[in-house]
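What follows is a single structure, written as structure tokens, with notes after it.
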Amino acid sequence: MPHVQASDFQKILLNWAQSQGRHDLPWQIDPSPYRVLVSEIMLQQTQVATVIPYFERWMKLFPTLKDLAIASEDEVMSLWQGLGYYSRARNLQKAARYIIDDCGGDFPSELEDLEAIPGVGRYTAGAIRSFAYDHYGPIVDGNVRRLFSRVFAIEGLANQSAYQKQLWFIAEHLSPAQNCRDFAQALLDMGATLCKAKSPACERCPLQQDCLAYQQQQVALFPSPKPKKVLPLRHETYLWVEQQQQLLLVKRPSPGIWAGLWCLPQLEATTVLEPKASDLSFQHTFSHYKLKASVRHQQSIPPSELDTRWLNKDELVNVGLATPIRKLIEKHWR
DNA sequence: AATTCGGGGTC
DNA sequence: GACCCAGAATT
């Protein structure tokens, strides 16, 4: 059990957030279930400053759940281009169609029903409950994990279930039945602006006297640093096939990296080519491997099961392109 | 329980 | 470079 009374914890956070919290984020204006859903999906593993322009563009093109449901996949993916974790975009459109087709257009409001939405897990379900409905909705994300692990001196790695279980137990215990929206926002704001991963601002923290890690002068030891591993290196070969001002692109299959995005055709991994002076190349680092790629000029490609399209330069803006591929094209086309 | 999904911000 | 970010789905 936490060593701080839930009511005291709530008062401290709500009081702090009133004067020090964030109140002008785009998704805090008219926090409808749809707007909260979109923002929360975009914010998964993605920083607030990165999301803001994507969120604004998205709401302009897809103002309602229905607009999203009837959009084309290319429209959706092109708006998500550059944001990463592209299954989020495909799941978000699935979510819109699911709510319209299977929920009769009524946006779910119970935690269990929210978690049944494609792309919505335990955190996002709690966030939608809190932010859209202002109902009880515990949340544990990276901010909350850091805050709780310090205040309550909980050791563990993010991917360990026993550790997660403790964090969720505390979240459920501390989350109020009133002021749910403000409390959830306060948790995130505390984690994002005070209880930061690096150089936390303990001197300004209203929980300083209650924080076990601070009392033990071990704030820097929480949460436990995850063991670093060397990213494996992969070599891939892509093909540059150009005819009459048009470039041949293929749609990346799902599952897999860049699924749903358009990309240069990729050579089979088993095929090995001798390097040529005319080859282009690029490097790219993903979260779990490092890519060294070469790009070979060719006249044609062998038949493929994948969707293929010839695009001229003007049409490139209308589709989702893998970011390093887009950069390569912009750099080398003409 | 461990992996697979991205890409940019930041130091 | 290394680390981090309003995690979820899959294996």
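Per chain, numbering begins at 1; letters A, B, ... match sequence-line order.
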(Q) Can you check the distance between C:dA9 and B:dG8, where both ends of the measurement are the C1' atom (answer in whole Å)? (A) 23 Å

Whole angstrom is fine here: how far is it from [atom1] in [X] over to [atom2] in [N]?
X        : N      : atom1 : atom2 : value
A:Gln45  : B:dT10 : CD    : C1'   : 16 Å
A:Met190 : C:dA6  : CE    : P     : 15 Å
A:Arg88  : B:dT4  : CZ    : C1'   : 14 Å
A:Arg145 : C:dC3  : CZ    : C1'   : 13 Å
A:Arg90  : B:dG6  : CZ    : C1'   : 13 Å
A:Tyr123 : C:dA6  : OH    : C1'   : 3 Å
A:Tyr54  : B:dG6  : OH    : P     : 13 Å
A:Leu79  : B:dG6  : CG    : C1'   : 17 Å

Q.
By nearest heavy atom, map A:Tyr85 and A:Ala49 onto DNA chain B; which one lands nearer the 5' end?
A. A:Tyr85

Q) Which sits closer to the 5' end of DNA chain B, A:Thr285 or A:Lys229, going by the nucleotide each is nearest to? A) A:Lys229

**Q.** SB check A:Glu73 A:Lys251 (cutoff 4.0 Å)
**A.** yes

Q | Partner of A:Val120 by side chain to side chain contact (heavy atoms under 4.5 Å, CB included), out of A:Leu37, A:Leu111, A:Leu92 | A | A:Leu37

(Q) Is there a salt bridge (Lys or Arg N to Asp or Glu O under 4.0 Å) between A:Arg122 and A:Glu172? Walk through the geometry before answering. (A) CA-CA 12 Å; A:Arg122 194 172 179 181; A:Glu172 290 174 340; 2.8 Å; yes

May I ask you to say what [X] touches in the nucleic acid, namely base, sugar-phosphate or nothing, with a heavy-atom cut-off under 4.0 Å?
X        : value
A:Arg22  : base
A:Lys228 : sugar-phosphate
A:Leu157 : nothing

Q) Can you tell me how far CH2 of A:Trp80 sits from OG of A:Ser87, rounded to the nearest 0.5 angstrom? A) 9.0 Å

(Q) Return the CG to CD distance between A:Leu83 and A:Gln45, rounded to the nearest 0.5 Å. (A) 12.0 Å

(Q) Using a distance-only criterion (donor-acceptor N/O pair, under 3.5 Å, no hydrogens), is the base of B:dG6 paired with the side chain of A:Thr46? (A) yes

